[in-house]
Structures are given as structure tokens and as C-alpha cells.
Amino acid sequence: MIDPFGRHVSYLRVSVTDRCDLRCVYCMGEDMHFLPKADILSLEELERLCTAFVRKGVRRIRLTGGEPLVRRNIMSLIGNLGQLVKDGTLDELTLTTNATQLAKHADGLAQAGVRRINISLDSLDPQRFQAITRWGRLDQVLDGIMAAKSAGLAVKINTVALKDGNEDEHDHLVEWCGEHGFDITFIETMPMGEVHADRTEQYLPLSLVRQRLEQRWTLDDIDYRTGGPARYVKVAETGRRIGFITPMTHNFCESCNRVRVTCTGTLFMCLGQEDAADLRAPLRASEGDGLLDTAIDEAISRKPKGHDFIIDRNAHPAVSRHMSVTGG
Ligand code: SAM
Ligand code: SF4
């Protein structure tokens, strides 16, 4: 799959559910309305969709949500997609999770063929963790993270940089990740979905985060890429990497190789644009994949050049859907 700007689309993110057991303040409102079950693709439909993309050249799949591990029987989908990794059709199957359910699933994930996992963690302070996630318990999440480590999964921590929220902890998070052998990626808040909070008050530019980290750590720029938009540095003192995802201050669209599909089968060609293609109708219209293949080709031919996020005090979110719909 090659888009109009010559970019090869080889990476698929699949949001397997819009539901979540947490309510992170930058991601969701407290009383969210979730999608009716009938709108959501079954696990079999999700697998058919993923397989269609793999047939068209996708080499990496990331499952996300909402919280992927709260979807019932999700391990069966992971097991089946893991077979594609084992037979070499797929280079990587991975997921982004909040780790609340990870203690019970970590071994199963490793056995299914998952080798890396991204875990969201914005604070190591129990009270603060609860304030940010509204419903989360830090000890449960740390148990999940340590289970992933014991299962041999490479862990990357994702931390959303929050002004007045966790900015005084970034140093400690880098140190903690160094001790446990984890990489860490800092993410700028993106204006996605109404969350009943002022985005300008949450937004912290990563250029500043980096400057502050440099007062304590030696950060060397490196070429390492994971197929995602993060730019990496190596921390000389710990030997681990720090990634910076800066949608607001740095335009990473020129090398974008990804598309995203929601749990209703809506394909978004860009995280920061509203244009989308419905894949559920062609998927459900026939047992063969002809209609689905045509719909995918047609959608890729209109992948836009880039996003246009702006954080502005008076503006509505740049994109009205929540991050939990398209997944991070
Ligand atoms: N529930 C899983 C988790 O939290 O890892 C997967 C889905 S979550 C939507 C994926 C990532 O998006 C998380 O790392 C989260 O911190 C990030 N995220 C959510 N809303 C965001 C926003 N408005 N700006 C930047 N990152 C956001
Ligand atoms: Fe749930 Fe992840 Fe959104 Fe937090 S960031 S509310 S864990 S989907």
C-alpha cells in the first residue's frame, strides 16, 4: 500500500474497544458514553480485518483502545494474530495498555508471540496516579508492569507530560525506568475529544521537558526508530532510551507509515484529521474479501499529507473524537 505522497503503509493500529477501566483526565471525561455492542466488530471480524491489511503489506500491528485488555476474550485474537508473527507473515504484534489487567495476561502475551509492550504510566506517586487516572490504583499497575518484565516482554513506558500534573517527576521516572531496564517515551497532550479541562493548562512542550532532563542526564541523540513517530535519545548514565513524541511542536507526518482502525471498523488515515472510511459495511456485506480490499485501497489513496493540531484556549478540540476511539 503506497499513499499519494509515496509513503508505504506498513503499520496498523487497531483499537479493539472504546471502553476502559480508567478515566485519565487528558483522555476521557468522567461519564463517558460508550458505543453500543452491535456497532462493535466481533473478534472474528477484527481478525479478518487485520488479515486483510497483512495481505496488503502491513508488517506490524499494535492493539490499543480504550483498554485492549478489558475486551472479553481478547487473548484469543492475540493468539491468532500471534500465529502470523510465528510464521513470519507479521514482523511484530504489540499492544498499548494501562497495565491494570497485565498481571494475569503477561505470560499469555509472551507465549502468543508479543515481544514488546507499551505501558502508560504518568506518575509513581499513588495519590497523584489516582488523581490523573481518576479510578486507577498504582500498586495494581506496578504489579502488571513487573509481571510483564518477568515474562520477558520489553517494556516501554509512555508518560504524558502534564504541566503541574507530573512535571516534577520526569527525572524520577527516567531514573526508575533505568533501574528496571525500561525505555520511556514522553508524549505531549493532543487536543482530542472533550475532556472538561482546559488543554492549555495541561500542555507542556517536550522541548522544555528535554531541557530540564539535560540538567541531570547526558542525553545523546540516536537514530533508533520503532516505526512510530518518537525521536529517541540515549541516557548515558542508565543506558536506556528516552523517546519524545511531539505532535504539537514537531511535524512528524512526512515519515508516517501508519493507519488506524477503530473497533467499529472505521479507518482513519491520519490521527489528526476527520476523514475516514467505513470498513465495517464492506466487511459485513459478504463473506469474501473483495469489497473490503477495494475499500482499503480507496482509503489509502486519500491518506492526507499531515495533521493540523493547534492548542488554543478558546478552540474546540482539533479533533472531536477521543483518543480512546482511535487509540494512541
Ligand atoms: N488504555 C491504553 C493506555 O492507556 O495505554 C491504550 C489506549 S490510550 C488512548 C493510548 C495512549 O494515548 C496512552 O499512552 C495515553 O496516555 C495517550 N493519550 C490519551 N489521550 C491523550 C491525549 N489527549 N494526548 C496525548 N496522549 C494521549
Ligand atoms: Fe483509558 Fe488509556 Fe485513555 Fe487512560 S489513556 S482513560 S487508560 S484509554
Side-chain angles (χ1 to χ4, degrees), residues 13-32 34-35 62-71 74 94-102 105 116-123 129-138 140-141 144-145 148 155-163 165-166 173 182-206 209 228-230 243-249 252 258 260-263 268 271-272 307 309-311 316-328:
R13 284 200 172 208
V14 186
S15 175
V16 297
T17 175
D18 62 330
R19 289 162 198 257
C20 186
D21 53 348
L22 301 184
R23 291 288 181 278
C24 303
V25 289
Y26 47 77
C27 180
M28 293 196 183
E30 193 154 16
D31 52 342
M32 294 287 287
F34 294 111
L35 294 162
R62 175 175 295 276
L63 304 182
T64 176
E67 173 47 42
L69 295 179
V70 301
R71 172 99 197 228
I74 189 65
T94 176
L95 68 161
T96 304
T97 174
N98 63 24
T100 58
Q101 312 299 313
L102 199 52
H105 291 309
R116 290 195 304 143
I117 189 162
N118 285 6
I119 300 176
S120 303
L121 178 70
D122 298 329
S123 175
F129 181 83
Q130 194 185 10
I132 296 173
T133 59
R134 292 199 185 100
W135 298 353
R137 275 189 24 231
L138 181 66
Q140 184 185 357
V141 164
I145 296 176
V155 172
K156 189 176 70 142
I157 299 295
N158 280 348
T159 301
V160 176
L162 296 165
K163 192 163 146 194
N166 62 8
L173 280 159
F182 305 152
D183 289 344
I184 180 167
T185 292
F186 290 100
I187 308 173
E188 281 175 351
T189 50
M190 289 179 250
M192 297 195 62
E194 205 55 74
V195 289
H196 311 296
D198 185 342
R199 302 273 184 192
T200 50
E201 276 166 19
Q202 296 177 338
Y203 176 63
L204 179 69
L206 291 191
V209 172
F244 296 96
I245 301 189
T246 55
M248 312 307 299
T249 53
F252 54 67
R258 61 189 50 204
R260 297 175 150 83
V261 69
T262 69
C263 56
F268 285 96
L271 180 63
H307 68 67
F309 287 135
I310 317 171
I311 288 197
H316 293 296
V319 172
S320 58
R321 63 185 186 274
H322 286 90
M323 186 72 124
S324 51
V325 173
T326 14

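Just so you know, ligand 1 is whichever comes first in the structure, and atom 1 is the first atom listed for that ligand. Since this is a predicted model, take the numbers as computed values, not measurements.
In plain terms, the two heavy atoms of Ala230 and Thr185 that are nearest each other are CB-CG2, 4.4 Å.
Taking any N or O of Thr97, backbone or side chain, at least one lies under 3.5 Å from an N or O belonging to ligand 1. The distance criterion of under 3.5 Å between nitrogen or oxygen atoms is not met by Thr64 with respect to ligand 1. When only interatomic distances are considered, the shortest N/O to N/O separation between Glu67 and ligand 1 falls below 3.5 Å. Looking at Gly66 next to ligand 1, an N or O pair under 3.5 Å apart turns up.
For atom 2 (Fe) of ligand 2, the nearest non-hydrogen atom from the set Ala99, Ser15, Cys20 comes from Cys20.
Interface of Gly66 with ligand 2, defined as ligand atoms under 4.0 Å from a residue heavy atom, comprises 8 (S). Of all atoms in ligand 1, listed by their number and element, those nearer than 4.0 Å to a heavy atom of Thr189 are 24 (N), 25 (C). Taking a cut-off of under 4.0 Å to the non-hydrogen atoms of Glu188, the atoms of ligand 1 that pass are 24 (N), 25 (C). Listed by atom number, the atoms of ligand 1 under 4.0 Å from Val160 heavy atoms are 16 (O), 26 (N). In the vicinity of Gly65, heavy-atom distances shorter than 4.0 Å reach the ligand 1 atoms 7 (C), 9 (C). Using a 4.0 Å cut-off to heavy atoms of Cys27, the atoms of ligand 1 that qualify are 19 (C), 20 (N). For ligand 1, the atoms closer than 4.0 angstrom to any heavy atom of Asn98 are 2 (C), 3 (C), 5 (O). Listed by atom number, the atoms of ligand 2 under 4.0 Å from Cys24 heavy atoms are 4 (Fe), 5 (S), 6 (S), 7 (S). Under a 4.0 Å criterion applied to the non-hydrogen atoms of Asn158, ligand 1 contributes the atoms 14 (O).
Contact annotation for Asn118 and ligand 1: no heavy atom of the residue comes within less than 4.0 Å of the ligand. Under 4.0 Å from ligand 2, the heavy atoms of Cys27 that appear belong solely to its side chain. Using a 4.0 Å cut-off between heavy atoms, Thr96 contacts ligand 1 through both its backbone and its side chain.
No side-chain donor-acceptor contact under 3.5 Å links Arg260 and Ser15. Under the 3.5 Å distance criterion, with hydrogens and angles disregarded, no donor-acceptor pair is assigned to the side chains of Asp122 and Asn158.
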- Task: Before giving the answer on side chain to side chain donor-acceptor pair (under 3.5 Å), spell out for Asp21 and Thr100 the whole-Å C-alpha distance, their side-chain angles and the decisive distance to 0.1 Å.
- Result: CA-CA 8 Å; Asp21 53 348; Thr100 58; 2.5 Å; yes

- Does the side chain to side chain donor-acceptor pair (under 3.5 Å) test come out yes or no for Glu67 and Thr17, once each step is laid out? CA-CA 7 Å; Glu67 173 47 42; Thr17 175; over 6 Å; no

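Of the possible donor and acceptor atoms, one in the side chain of Glu188 sits under 3.5 Å from a partner among the backbone N and O of Leu206. Looking only at distances, no side-chain donor or acceptor of Arg23 sits under 3.5 Å from a matching main-chain atom of Met28. A donor-acceptor pair is defined here as one N or O able to donate and one able to accept, closer than 3.5 Å; no such pair exists between the side chain of Asp183 and the backbone of Val155. A donor-acceptor distance shorter than 3.5 angstrom exists from the side chain of Thr94 to the backbone of Arg116, with no hydrogens or angles considered.
Rounded to the nearest 0.5 Å, atoms CG (Leu121) and CG (Asn98) are 10.5 Å apart. Here the CZ atom belonging to Phe244 is positioned 12.0 Å from the CD1 atom belonging to Ile187, to the nearest 0.5 angstrom.
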